[in-house]
Chemist: 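Right, I'll just put the structure down here and ask away after.
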Amino acid sequence: MIVTRFAPSPTGRLHLGHAASALFAFNKAREAGGTFLLRIEDIDPLRCKSEYIEGIYEDLHWLGLNWPEPVRFQSRHLDDYKRALAALEAKGLLYPCFCTRKEIVEESARAGRAPHEGEDAVVYPGTCRSLSLDARAELAHIRMPVWRLDMEKAVRITGQLFWRDELAGQDVEAKPERFGDIVLARKEVLTSYHLSVTVDDALQGVTLVTRGEDLRGVTDIHRLLQALLDLPVPRYAHHPLLYDGAGKKFSKRDQSVTLASLRQQGGLARDFATIAFFPNEGMK
Ligand code: GLU
């Protein structure tokens, strides 16, 4: 039984790229007589707004999609993520990091590890990995820490890992070590995208994770977390991204292409038939 999901963050109105992604997940489930789930990834209290949640329902219904209730809201399941963190902590895989963004960039530059071209994130140089307990206690008075995964230790535990690329029909070797010691729990909320998405896909019985090519890389991280947390391993289908006429990826910042604005301009859901067919392109 195939279970797919569309998991938007309510930080803006949905755009054409979201429509394509949602239709891809929906069609994959429908083709196989499976289930399509909607999940609201609202762990970021600073950027998520309830009006956008209403917008998501409205837009997806307009596209003709439906899903079983109740919809899972990540913000209502923080205990699940806390449990996962505790399991990682019990394996000695987490440590608190007190560095500011500026300190990380400076330390990386000092160590000659500036981001490579095309990469936007600096790999954490490991500054806080070996702080003494006393130093941690002292710093905890001054700053709230984030919690990082000790990547080297983690990959040593799991050994070689693979995930199934459904569209290419092959197994892909996961190489999460290139991301370094990633943040698994943030300051504002004791979880992160990587942790919540991995835990939720497992708890919700998602068997086929569908999402854009832009998230292909992080699948390696999710595969690692599944191994560390002893979670079932779904298959993956990363669909091609939609680009606007200028060759730019659709993004939330570009208000002109939201589904809501297209609708206001008299767009019809059936115009999206082209997008609805787009997902199958990836299968060829
Ligand atoms: N919430 C993520 C986003 O809006 C997508 C989650 C996922 O498919 O992994 O980009």
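Just follow the structure's listing: the first ligand is 1, and inside any ligand the first atom is 1. Values below: all heavy atoms of this structure, side chains included; hydrogens, waters and symmetry mates excluded.
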Chemist: Check Glu58 with Arg263, please: is the shortest side-chain N to carboxylate O separation under 4.0 Å?
Modeler: yes
Chemist: Closest non-hydrogen protein atom to atom 10 (O) of ligand 1, residue and atom name please, with distance?
Modeler: Leu215 CD1, 4.3 Å
Chemist: Please report which non-hydrogen protein atom sits nearest to atom 7 (C) of ligand 1, along with the residue it belongs to and the distance in Å to one decimal place.
Modeler: Arg5 NH1, 3.3 Å
Chemist: Does an N or O anywhere in His222 fall below 3.5 Å from an N or O of ligand 1?
Modeler: no
Chemist: Got more than 12 heavy atoms from elsewhere within 6.0 Å of NZ, Lys91?
Modeler: yes
Chemist: So for Tyr193, does at least one of its heavy atoms come nearer than 4.0 angstrom to any atom of ligand 1?
Modeler: yes
Chemist: Under 4.0 Å from a heavy atom of Ser9: give me the atoms of ligand 1 that qualify, with their elements.
Modeler: 1 (N), 4 (O)
Chemist: His18 vs Phe6 aromatic rings, parallel, tilted or perpendicular, using cut-offs 30° and 60°?
Modeler: perpendicular
Chemist: With a 3.5 Å distance limit and no angle check, can you tell me whether Asp181 reaches the backbone of Asp150 through a side-chain donor-acceptor pair?
Modeler: no
Chemist: Based purely on interatomic distance, does Glu41 place a nitrogen or oxygen under 3.5 Å from a nitrogen or oxygen of ligand 1?
Modeler: yes
Chemist: For atom 5 (C) of ligand 1, grab the closest protein heavy atom and report residue, atom and distance to one decimal in Å.
Modeler: Ala7 O, 3.5 Å
Chemist: Which class fits the ring pair His238 and Tyr236: parallel under 30°, tilted 30 to 60°, perpendicular over 60°?
Modeler: parallel
Chemist: So is Val197 polar-close to ligand 1, meaning N/O to N/O under 3.5 Å?
Modeler: no
Chemist: Salt bridge or not for Glu41 and Arg39, using N-O below 4.0 Å?
Modeler: yes
